[in-house]
Q: 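To start, I am sharing the structure in question, which I have written as structure tokens.
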Amino acid sequence: MTQDELKKAVAQAAVEHILPLLEEDTIVGIGTGSTANLFIDELAKHKHLFDGTVASSEASAERLKGHGIPVYDLNSVPGMRVYIDGADESNHHLHLIKGGGAALTREKIVAACAEEFVCIADESKLVNVLGDFPLPVEVIPMARSYVARELVKLGGDPVYREGVVTDNGNHILDVYNLEILDAVKLESQINAIVGVVTNGLFAARSADVLLLGTQEGVKTLKA
Ligand code: 5RP
């Protein structure tokens with residue numbers, strides 16, 4: 001199977017996973033990226049079964065609306081039963097690196113509000129040690145150079161993602177050459193730098209379930 005076929009298989013498995021949760025008042029949290037897009041397309045087949053969604057990006061909101069699926073402001077819902085999203089990397093603790101699509105802050109907020117976080121990914125995303133994928137950090141634009149200098153002190157090589165402005169109007173630094181052995185600690189250290197909005201480590205709130213598309217079928221990993 002190709003990588004795209006593996007992503008489609010996990011998108012279908014994610015819909016199967018959440019079908020028992022879908023009731024007329026269920027709100028589903030929706031992530032961002034190519035795997036999340038495939039999930040949205042699969043979920044659309046069951047849109048009559050649940051109330052609506054909260055989206056983690058303008059792009060996902062547009063795709064959902066295109067399918068006729070209601071998209072609510074996060075402030076207008078009491079919470080979410082489940083959040084489904086992709087990842088750039090996952091370790092075996094289901095600590096993630098996210099933000100390849102620059103949506104990390106909204107993704108982290110929506111994930112925080114969900115009872116269950118289901119991550120969907122193809123097998124190339126599972127690693128022993130996080131950090132081969134450069135860690136995205138969303139920064140307030142005027143703080144970009146200061147934050148970059150602080151990230152160098154933490155051992156990383158930050159690179160400005162030129163031309164990218166997040167849905168929140170901010171910039172992204174991609175931090176190369178980090179060998180992330182303590183993801184919870186590094187997440188907290190980077191978030192403590194003045195000017196950082198958030199970083200793409202999802203470790204304090206990791207995924208609860210990882211549906212991993214492999215050549216042997218979709219595997220379910222739990223934290
Ligand atoms: C976007 C993300 C995505 O979940 C991540 O980049 C994975 O994307 P894809 O499913 O396209 O591989 O964090 O900010």
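Every number for a ligand or one of its atoms is a count from 1 in the order of the listing.
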Q: Please name all residues satisfying salt bridge (charged side-chain N to carboxylate O under 4.0 Å, His left out) with Arg161, sequence neighbours left out, ordered by chain then number.
A: Asp174
Q: Pair Leu126, Leu212 - check side-chain contact (heavy atoms from CB on, under 4.5 Å), show working.
A: CA-CA 8 Å; Leu126 185 64; Leu212 191 71; 3.7 Å; yes
Q: Can you give me the closest heavy-atom contact between Ala102 and Val164, atom names plus distance?
A: CB-CG1, 4.0 Å
Q: Around ligand 1, what residues show up once you keep those with a heavy atom under 4.0 Å from it?
A: Lys7, Thr32, Gly33, Ser34, Thr35, Asp85, Gly86, Ala87, Asp88, Lys98, Gly99, Gly100, Gly101, Ala102, Ala103, Glu107, Lys125
Q: Run the side-chain contact (heavy atoms from CB on, under 4.5 Å) test against Ser124 and tell me which residues pass, sequence neighbours left out.
A: Gln3, Asp122
Q: Name the one of Ile40, Ile30, Val15, Ile18 that satisfies side-chain contact (heavy atoms from CB on, under 4.5 Å) with Ile84?
A: Ile18
Q: Quick one: side chains of residues 64-75, donor-acceptor pairs under 3.5 Å with protein atoms, not counting sequence neighbours, listed by atom name and distance.
A:
{"from": "His67", "atom 1": "NE2", "to": "Asp41", "atom 2": "OD1", "distance (Å)": "2.8"}
{"from": "Tyr72", "atom 1": "OH", "to": "Asp51", "atom 2": "OD1", "distance (Å)": "2.6"}
{"from": "Asp73", "atom 1": "OD1", "to": "Asn75", "atom 2": "N", "distance (Å)": "2.7"}
{"from": "Asp73", "atom 1": "OD1", "to": "Asn75", "atom 2": "ND2", "distance (Å)": "3.2"}

